[in-house]
Structure formats: structure tokens, C-alpha cells
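By convention in this document, chain letters (A, B, ...) are assigned in the order of the sequence lines, proteins followed by strands, and residues within each chain are numbered from 1. As the structure is a prediction and not an experimental result, all values here were calculated from the model.
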Amino acid sequence: MNRDFFDRSVHDVARELIGCELAIGATAGIIVETEAYDETDPACHAYIGRTARNEVLFGAPGHAYVYLSYGIHSLLNFVAEPEGSAAAVLIRALEPTEGIELMRARRGQEKIQQLCSGPGKLSEALGVDHSLNGADLFRPPFELSEPDRSWSEAEITASPRIGITKAAELPWRYCVSGSRFVSRPWPASASSAIGRAA
DNA sequence: GCCAGGATCGTCT
DNA sequence: GACGATCCTGGCG
């Protein structure tokens with residue numbers, strides 16, 4: 001994978017990140033759930049225009065956007081689309097593959113299914129904090145691999161995003177419908193992600 | 001199992 | 001001074 005992967009529609013990027021392995025330091029997992037946010041979207045931090053906080057979103061693709069949610073959790077996003085266009089993919093859940101003991105220690109949780117099944121959880125498990133805001137995804141401690149597992153397109157579903165109040169109806173959450181590692185079950189009404197990219 | 005409530009702080013009004 | 005792209009706990013059935 002190279003930077004061009006991120007230099008296109010955030011919806012394509014969000015869908016195709018499913019199945020990729022993300023490593024940060026000694027920990028890694030396979031991405032099983034993402035959400036897309038773009039500039040025209042009231043739920044996106046960049047909707048209000050450029051500020052000190054969201055500046056990274058307007059920058060070059062293939063960088064990390066990390067911010068603090070509810071004063072407690074650092075949430076990890078990947079910046080997509082060309083420089084000047086603000087868009088990002090929220091990484092919502094991973095299936096843990098490497099460094100599981102370290103994840104357990106950081107999370108204070110034994111159950112593997114509780115390690116990375118939510119955006120705040122996976123940041124804690126992988127040691128993500130605000131110091132990684134703006135970091136290049138193609139430099140350490142990050143490492144991104146092509147999918148080493150593929151699901152049929154029918155198993156990747158698009159459904160409404162979680163935990164937001166604005167533009168909540170947009171089906172911009174992508175997840176593996178068969179995975180036990182997603183943050184929440186996919187809704188029965190979810191449709192295949194095919195053709196859903198806006 | 002489900003739901004309500006609290007923790008906690010940077011960012012913007 | 002209000003508000004979150006969340007998570008965990010405790011109460012109740």
C-alpha cells in the first residue's frame with residue numbers, strides 16, 4: 001500500500017481499509033470497522049471550516065488525525081482525499097493479531113473481544129494518544145499492510161454511523177458483518193457496501 | 001440483557 | 001459555559 005491509496009474518495013478508502021492490517025509499535029490488528037467523514041458532512045470536524053484543531057484534516061492524505069473525545073478517549077482517524085480537501089476515516093474496531101498480551105495490560109481486560117471493539121478501546125490497546133496527531137502513516141510506529149484476509153463484498157455492509165447526532169442517517173459506517181470484533185452488531189437493514197460510495 | 005448516568009477536558013461561542 | 005465521532009458501572013428485571 002502507498003499514499004495514493006488515501007488520495008481519493010474517503011468512501012472508497014473507508015470501505016477498502018476493511019481487511020487491512022494496522023500495526024502500531026508492537027501491537028497490530030485487522031481493521032473490521034470504519035466510518036467516513038467528509039467536509040460537506042455536518043458531523044465532520046472540518047464542516048465548520050479550518051481551525052487549529054482540525055488543520056490536519058485539510059492536509060496531505062495518509063496521515064493520522066487524533067483527537068480527544070469526551071475528555072477521555074483518543075480517537076484515531078486516517079486523513080484521505082487530496083491536500084486542501086478535508087476528509088478522514090475513523091478506525092472503529094480491529095481484530096487483534098499481534099501484541100495481545102500488551103493490549104491486555106493496557107486495557108486491563110482479558111477478553112480478546114474487549115480489546116479493540118470500539119474507537120476508544122483500540123486507541124488504548126495500541127497506545128494511540130494525541131502525540132500521534134499529524135503523524136505520517138507510512139513511517140514508524142505505523143505499519144499498514146494490504147488485506148491478508150478478504151471477505152466477500154456481500155459481507156461488508158454499509159450502515160448508519162454510531163454515536164453522532166448530526167447527519168446520523170448517512171450510511172457511512174463500514175463493517176464486516178460476520179465479525180465478532182466489531183463495536184456493535186450490524187443492523188439487519190444494512191446493505192452491501194457495493195455502489196454505496198458517494 | 002437493557003438502560004441511565006457519570007467521568008473528564010480540549011475546543012469553540 | 002456548553003458540548004461531544006466513548007466507555008464502564010450499577011440497578012433493575
Is the distance from OP1 or OP2 of B:dC12 to the nearest side-chain N or O of A:Arg50 less than 4.0 Å? no
Between A:Arg173 and C:dA5, is there a contact of a side-chain N or O with OP1 or OP2 at under 4.0 Å? no
Most 5' of A:His130 and A:Ile72 on DNA chain B, judged by nearest nucleotide: A:Ile72
Could you say whether the aromatic ring of A:Tyr67 and the base of B:dG10 stack, counting only centre distances under 5.5 Å and plane angles under 30°? no
Has A:Tyr70 got its ring stacked on the base of C:dG4, with centres under 5.5 Å and planes less than 30° apart? yes
What's [X] touching, base or sugar-phosphate or nothing? Going by heavy atoms closer than 4.0 Å.
X        : result
A:Arg161 : nothing
A:Ser183 : nothing
A:Arg184 : nothing
A:Gly71  : base

Please tell me whether A:His45 and A:Tyr37 form a close aromatic pair, meaning their ring centres lie under 6.0 Å apart. no
Let's test your reading of the pairing rules: Watson-Crick or G-U wobble, both distances under 3.5 Å, then write DNA chain B as a dot-bracket string with ( ), [ ], | and dots. |||||||.||||.
Closer than 3.5 angstrom, by distance alone: can the side chain of A:Glu33 be matched with the main-chain N or O of A:Val176 as a donor-acceptor pair? no
